[in-house]
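Okay, so here's the structure we're looking at.
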Amino acid sequence: WRIDGIALHPGVNELTILGFDLRGSLVDSVGITVVSTATEWDPPVITDVLPAEGMPGETVEISGAAFYSGAQVLFGGVAAPSAELIAGGPDGGTIIAEIPAGAGSVDLTVRNVDGKTSNAYPFTIIEPPPTFVRGDSNRDSVVDLSDAIRTLLHLFGGAQTTCEDAADADDSGSVEITDAVFTLDFLFRGGAFPPAPFPQAGYDLTSDGLGCEQ
């Protein structure tokens with residue numbers, strides 16, 4: 001047998017070969033050590049990161065040099081959930097990386113499979129805002145009669161709410177009796193659907209003074 005197309009880094013490479021039968025059952029395995037005497041790579045270099053801030057789950061484009069297949073992107077020591085090498089080599093390179101969970105200022109680095117790490121590039125992970133369903137005043141993930149009642153209790157009965165944004169069913173920027181009326185109209189008279197985020201939880205797309213606890 002022979003294997004083609006395996007990327008080897010300079011020095012020791014530990015490979016494991018698995019053998020399967022026609023039914024997909026594992027029948028044997030063997031470990032192989034391959035020592036590469038190819039020219040050593042220079043350490044990777046980051047020249048730019050766009051954008052320089054973002055929320056977890058978003059992607060950034062990292063430009064630089066000496067990026068090679070298998071390179072890992074680290075955000076303050078936390079590995080990116082995914083890192084796709086778009087272009088690589090000694091003279092230039094581009095990696096698209098997904099921002100991991102976290103918040104605050106971190107040092108972004110690129111580490112090749114030979115263990116060499118790039119210069120640190122400043123990056124800010126933005127804490128995502130809380131998610132909610134518009135009209136879901138009682139936060140049970142369903143908009144129904146109980147939400148209109150909860151809004152009225154909040155307005156006139158002293159009931160607390162953990163998410164004014166959710167209680168603002170008509171997205172007017174304030175919680176009023178019109179929000180309960182809007183919900184009832186939607187539920188029982190075929191009225192307009194609540195504005196986004198609805199019916200799935202999401203972020204508030206409008207800027208107002210209302211808050212929402214996570």
Side-chain angles (χ1 to χ4, degrees), residues 1-20 24-132 196-197 200-207 214:
W1 52 267
R2 62 178 290 167
I3 297 178
D4 297 318
I6 295 181
L8 302 177
H9 60 78
V12 176
N13 298 262
E14 301 289 348
L15 307 179
T16 300
I17 311 301
L18 305 178
F20 298 87
S25 300
L26 180 66
V27 295
D28 205 354
S29 65
V30 64
I32 299 177
T33 299
V34 179
V35 179
S36 173
T37 58
T39 303
E40 291 191 2
W41 298 335
D42 290 331
V45 176
I46 299 175
T47 57
D48 198 12
V49 177
L50 294 174
E53 61 179 21
M55 291 190 297
E58 297 179 337
T59 59
V60 297
E61 180 177 307
I62 305 166
S63 302
F67 298 161
Y68 293 96
S69 177
Q72 188 178 40
V73 177
L74 303 171
F75 291 79
V78 178
S82 65
E84 180 182 2
L85 180 66
I86 304 300
D91 300 322
T94 302
I95 297 176
I96 303 297
E98 181 182 346
I99 303 171
S105 299
V106 298
D107 288 333
L108 189 155
T109 57
V110 174
R111 180 183 298 161
N112 281 327
V113 293
D114 62 355
K116 293 181 181 178
T117 303
S118 72
N119 55 303
Y121 200 97
F123 188 84
T124 301
I125 301 178
I126 302 173
E127 183 176 2
T131 60
F132 63 94
Q200 302 299 325
Y203 305 129
D204 191 3
L205 303 180
T206 54
S207 178
Q214 188 67 277

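- Between Glu53 and Ile125, the closest side-chain pair of non-hydrogen atoms is not below 4.5 Å.
- Within the 3.5 Å criterion, the main-chain N or O of Ala66 finds a donor-acceptor partner in the side chain of Asn112.
- Looking at Tyr121 and Asp48, their side chains do bring a donor and an acceptor atom within 3.5 Å of each other.
- Crowding of Glu127 atom CD: a count of heavy atoms from other residues, nucleotides or ligands under 6.0 Å not exceeding 12.
- Between Met55 and Pro129, the shortest heavy-atom distance links the atoms SD-CD, 3.7 Å.
- Across all non-hydrogen atoms, the minimal contact from Tyr203 to Pro128 is OH-CB, 3.6 Å.
- Listed here is the closest heavy atom pair of Ala71 and Ile95: CB-CD1, 4.1 Å.
- Note on ring orientation: taking the six-membered ring where Trp is involved, the planes of Phe123 and Phe75 are perpendicular (angle over 60°, cut-offs 30° and 60°).
- Pro56 is not listed as a side-chain neighbour of Glu58, based on a closest heavy-atom distance of 4.5 Å or more.
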Apply side chain to side chain contact (heavy atoms under 4.5 Å, CB included) to Asn119 and Thr109, showing your working. CA-CA 6 Å; Asn119 55 303; Thr109 57; over 6 Å; no
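- Heavy atoms only, all atoms of each residue included: Leu8 and Trp41 are closest at O-CZ2, 4.2 Å.
- In this structure, Leu74 CG and Thr117 OG1 are separated by 7.0 Å, a value rounded to the nearest 0.5 Å.
- Counting heavy atoms from C-beta outward, Tyr68 and Lys116 have side chains that stay 4.5 Å or more apart.
- Residue Asp28 holds its CG atom at 11.0 Å from CZ of Phe20, rounded to the nearest 0.5 Å.
- For Ser118 (side chain) and Val110 (main-chain N/O), a donor-acceptor pair under 3.5 Å exists by modelled atom type.
- Taking 4.5 Å as the limit, every side-chain heavy atom of Thr33 sits out of range of all side-chain heavy atoms of Leu15.
- Between Ile96 and the choices Leu85, Val73, Thr59, Ile62, the side chain to side chain contact (heavy atoms under 4.5 Å, CB included) rule is met once, by Thr59.
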Run the side chain to side chain contact (heavy atoms under 4.5 Å, CB included) test on Thr16 and Ile32 for me, step by step, so that the C-alpha distance in whole Å, both residues' side-chain angles and the decisive distance to 0.1 Å come before the verdict. CA-CA 6 Å; Thr16 300; Ile32 299 177; over 6 Å; no
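- Between Ser105 and Thr124, the shortest heavy-atom distance links the atoms OG-OG1, 3.8 Å.
- Within a 6.0 Å radius of CD in Glu14, other residues, nucleotides and ligands contribute more than 12 heavy atoms.
- When all heavy atoms are compared, the tightest approach of Ala79 to Pro100 is O-CB, 3.9 Å.
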